[in-house]
Amino acid sequence: MESLRGRGRRRGGARIAESCRDLPMLIKHRLEQRIRAALERVLGAVDPGGPVLERPADPVHGEYASSAALRLARTAGLPPRGLAERILAALELPLGEITAEVAGPGFLNFRLSPTLLAGQLRALLADPKGCAVSPVAHPERILVEFVSANPNGPLHVGHGRGAAYGDSLAALLAAVGHHVEREYYLNDAGRQMDILTLSVWLRYLEELGVRIVLPQSAYRGDYVGDLARGLVGRHGRRFSRPLPEVGEESDPDRQVDAWVAAARAALGEKDYRKVFDEALEAMREEISEDLASFGVRFDRWTSERELRSAGVIESLLDRLRARHAVYENEGALWLQATAYGDEKDRVLVRSAGTYTYFTPDLAYHVEKADRGYDRFIDVFGADHHGYAPRLHAGLQALGIEPPERLEVVLVQFVTLWRGGERARMSTRAGDFVTLRQLREEVGRDAARFFYVLRSHPQPLDFDLDLAVRQSPDNPVYYVQYAHTRVCGLLRKAGVDTLEVQGLERLTEDAERRLLVRLAAYAETLHEAAAQRAPHILAQYLRDLAGEFHNWYAHTPVLDAEDGLRVPRLALAAGVGTVLRHGLALIGVSAPERM
RNA sequence: GCGCCUGUAGCUCAAACGGAUAGAGCAUCGGCCUUCUAAGCCGGUGGUUGCAGGUUCGAGUCCUGCCAGGCGCGCCA
């Protein structure tokens with residue numbers, strides 16, 4: 001956990017602080033340290049055996065609570081409440097800022113003073129761009145690799161979840177002070193690309209009037225036909241050849257490989273490469289456009305093909321051989337993955353001489369490690385979970401330490417429902433709803449918010465009919481509307497710069513709840529980033545919007561009684577600032593009017 | 001068969017290394033627009049947290065065993 005920089009604001013201070021990184025935004029951590037210190041004074045060095053500080057569900061228990069006395073009562077040989085009293089006596093609280101009391105069976109409850117809350121809001125308003133979020137104590141260079149869908153078909157709604165998750169995660173990590181890069185690994189060299197090339201060529205022949213039968217493993221989505229028609233448009237009959245004769249194979253994989261070989265022979269290397277390149281380029285562009293209009297941009301697209309031609313695979317194999325981590329068996333080259341925690345040894349070079357999917361991917365991860373990141377996070381679909389131990393094994397075999405530098409996050413599947421029925425999603429069969437269709441139907445904001453509202457290890461049911469039909473009821477509008485209302489208030493008030501005095505007078509229950517919620521924003525971001533869980537942020541924003549709507553509906557702002565207008569405007573401005581900041585992190589717009 | 005993930009209101013989901021009365025949205029029922037945007041607010045109904053044990057002051061959360069679903073277990077990617 002990060003430690004706080006700088007000292008806390010003293011009570012009653014009207015001055016606006018120093019620089020934003022010195023602001024005491026993480027009250028929680030500051031309080032936590034004091035409690036630990038008090039525990040040590042009372043009991044000596046002990047393991048608190050659990051969290052020292054929690055957030056009680058019920059506001060009557062204060063803003064923070066500690067259950068440490070309950071847990072430590074036995075080892076201390078004291079009744080819980082008695083121990084809590086002693087801890088309380090030993091606690092050096094910032095006087096006038098936080099009050100504490102013993103409650104219930106032995107909880108310590110903490111309440112933030114209006115002065116402290118006012119200071120938090122002041123700090124927030126002084127830093128609208130960064131929301132006064134103090135950075136982590138140890139910023140890391142982090143690479144987040146996500147989506148990385150094979151360029152052999154359009155992105156579908158499953159990829160959309162990975163895109164929304166990965167982008168939001170990267171934004172969160174950056175917001176708490178890490179140096180973050182977003183990367184897409186483009187599998188543009190593998191067997192799947194050959195199969196796409198074959199599929200496009202066969203469709204192309206069909207466009208020219210040849211009767212064809214697609215091999216079982218070929219791609220058959222509509223987009224393949226689009227690619228084929230593009231070829232016809234640009235190149236006419238340039239790729240026209242007699243349909244090759246390919247013998248029957250019982251194994252679909254071998255069958256399609258035979259077809260690929262036949263297509264390559266028929267077209268010749270140059271024309272084969274041309275079809276390949278055009279299909280690849282068209283897919284790459286489509287993917288990148290889809291992502292861009294989904295609000296997702298990558299700092300880097302790493303091409304497998306370029307990695308290969310740079311010789312990374314050969315040097316990977318050399319390094320593995322030098323470390324005696326590979327062996328030959330039945331004509332194939334195997335990684336001794338079982339020696340590094342994997343369930344099975346893994347083939348790197350097939351007996352046919354080609355590489356498996358794993359080999360260039362491992363080389364890619366080695367290249368990432370060589371680039372010097374402190375951490376690289378892979379966002380994978382849940383179907384890849386068996387793949388993580390393999391990558392870890394490969395890196396360990398190379399002596400790349402520590403193992404936790406590679407973090408694999410698994411995002412569960414999206415099940416799509418349409419007309420009350422599950423829609424199957426298979427790239428190969430071309431039977432899927434694309435990310436583009438989703439965006440066009442439900443809109444980018446709603447789609448991104450919906451995706452990220454659910455925790456990523458949880459399978460997601462995406463009901464298209466519902467998402468379309470209920471779009472005005474979608475939670476994203478609820479949050480956006482709160483922002484709109486803030487903008488309306490400030491617009492009507494006609495103020496550019498807000499005075500930040502008198503904030504201590506915001507003492508209504510609803511105002512206090514909002515102040516507390518705003519003060520917790522920074523620690524919420526830290527929590528969400530540390531847990532790799534953007535949904536924590538999304539849920540926070542929804543809660544904040546809810547508390548704001550409630551307050552707004554019952555509290556006059558522009559016509560507030562004596563002297564409350566300015567503080568209330570400031571409070572609204574604080575809400576607007578956090579909503580804008582938080583929505584930006586999850587790629588959702590914050591409109592000024594709706 | 002083995003491994004990973006999941007099981008919470010009618011539906012979709014929250015619940016921060018175990019904490020106080022398990023919360024939202026949708027749906028449903030009833031109120032609130034001459035007053036800062038009703039894409040809103042207030043209230044009601046709705047729960048044996050899959051089942052059975054265990055650990056302890058305390059379990060949706062941890063352990064064991066069942067049940068149900070998803071995914072994986074390839075010289076596919």
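Chain letters run A, B, ... following the sequence lines, proteins first, then strands; residues in each count from 1.
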Could one point to a donor on the side chain of S351(A) or the base of C75(B) with an acceptor on the other under 3.5 Å away?
yes
Would you state whether a donor and an acceptor, one from the side chain of H385(A) and one from the base of G3(B), lie under 3.5 Å apart?
yes
Heavy atoms only, 4.0 Å cut-off, all strands: where does Y552(A) land among base, sugar-phosphate and nothing?
base
Would the base of A20(B) count as contacting N109(A) through its side chain, where contact means a donor and an acceptor less than 3.5 Å apart?
yes
Tell me whether the ring of F413(A) lies stacked over the G70(B) base, given a 5.5 Å limit on centroids and a 30° limit on the plane angle.
no
Separation of C17(B) C1' from L53(A) CG (nearest whole Å):
14 Å
Phosphate contact (G74(B) OP1 or OP2) by R191(A) side-chain N/O below 4.0 Å
no
Which is true for R390(A) with a 4.0 Å heavy-atom rule: it touches a base, it touches only sugar-phosphate, or it touches nothing?
base
Watson-Crick or G-U counterpart of U8(B), or none if no pair lies under 3.5 Å
none
Watson-Crick or G-U wobble partner of U49(B), both distances under 3.5 Å
none
Are R346(A) and D342(A) within salt-bridge range, i.e. N to O under 4.0 Å?
yes
According to a strict under-4.0 Å criterion, is N550(A) in side-chain N/O contact with OP1 or OP2 of C42(B)?
yes
Would H61(A) count as stacked on A20(B) if the rule is ring centres under 5.5 Å and plane angle under 30°?
yes
Verify whether one side chain among D378(A) and Y185(A) offers a donor that lies under 3.5 Å from an acceptor in the other.
no
Tell me if C29(B) is syn or anti. Syn = glycosidic torsion within 90° of 0, anti otherwise.
anti
Verify whether the ring centers belonging to F146(A) and Y165(A) lie closer than 6.0 Å.
no
Counting only Watson-Crick or G-U wobble pairs whose two distances fall under 3.5 Å, which nucleotide matches C62(B)?
G54(B)
Identify the heavy atoms of A175(A) and V133(A) that sit nearest to each other, and give their distance.
O-CG1, 3.9 Å
Mind checking S148(A) for me? I need base, sugar-phosphate or nothing, with any heavy atom below 4.0 Å counting as a touch.
nothing
Which part of the nucleic acid, if any, lies within contact of H384(A), taking any heavy atom under 4.0 Å across all strands shown: a base, the sugar-phosphate backbone alone, or nothing?
base
Under 3.5 Å on both distances, the Watson-Crick or G-U partner of G30(B):
C42(B)
At under 4.0 Å between heavy atoms, what does A533(A) touch on the DNA or RNA strands: base, sugar-phosphate, or nothing?
nothing
Looking only at N and O atoms, is any donor in the side chain of D253(A) or the base of G74(B) less than 3.5 Å from an acceptor on the other one?
yes
Would you say Q458(A) places a side-chain N or O within less than 4.0 Å of OP1 or OP2 belonging to A14(B)?
yes
Does a nitrogen or oxygen in the side chain of R254(A) sit under 4.0 Å from OP1 or OP2 of C76(B)?
no
How many whole angstroms separate atom CG of D58(A) from atom P of A24(B)?
11 Å
Using atom P of each nucleotide, how far apart are A22(B) and G50(B) to the nearest Å?
15 Å
If we call it a pair only when both distances are under 3.5 Å in a Watson-Crick or G-U wobble match, what pairs with C13(B)?
G23(B)
Cationic N near anionic O, under 4.0 Å, R390(A) to E343(A):
no
For R568(A) against W551(A), the heavy-atom pair lying closest together:
O-CH2, 3.6 Å
Ignoring backbone atoms, establish whether Y478(A) has a side-chain N or O less than 4.0 Å from OP1 or OP2 of C41(B).
yes
Nearest-nucleotide 5' precedence on RNA chain B, D559(A) against G190(A)
D559(A)
Indicate, with a heavy-atom threshold strictly under 4.0 Å, whether L348(A) touches base, sugar-phosphate, or nothing.
nothing
When you measure only distances, ignoring hydrogens and angles, does the side chain of R55(A) come within 3.5 Å of the base of A16(B) through a donor and an acceptor?
yes
In terms of heavy-atom contacts, H456(A) and R532(A) come closest through CE1-O, 3.1 Å
Check this one for me: any side-chain N or O of R350(A) less than 4.0 Å away from OP1 or OP2 of C76(B)?
yes
Reckon T484(A) has a side-chain N or O less than 4.0 Å from the OP1 or OP2 of A39(B)?
no
Which part of the nucleic acid, if any, lies within contact of D47(A), taking any heavy atom under 4.0 Å across all strands shown: a base, the sugar-phosphate backbone alone, or nothing?
nothing
For a quick check of understanding: with a heavy-atom distance under 4.0 Å over all strands, which category does P56(A) fall into, base, sugar-phosphate or nothing?
nothing
By the 4.0 Å heavy-atom rule, please label Q531(A) as base, sugar-phosphate, or nothing.
sugar-phosphate
With sugar-phosphate meaning primed atoms plus P, OP1 and OP2, does A332(A) contact a base, only sugar-phosphate, or nothing at under 4.0 Å between heavy atoms?
base
Side chains of S66(A) and E54(A), donor plus acceptor under 3.5 Å
no
Look through every strand shown and name the nucleotide pairing with G1(B) as Watson-Crick or G-U wobble, where both distances are under 3.5 Å.
C73(B)
Identify whether any heavy atom of T354(A) sits under 4.0 Å from a base atom; if not, whether one sits that close to sugar-phosphate; answer base, sugar-phosphate or nothing.
nothing
Checking all strands, does H549(A) fall into the base, sugar-phosphate, or nothing category for heavy-atom contacts under 4.0 angstrom?
sugar-phosphate
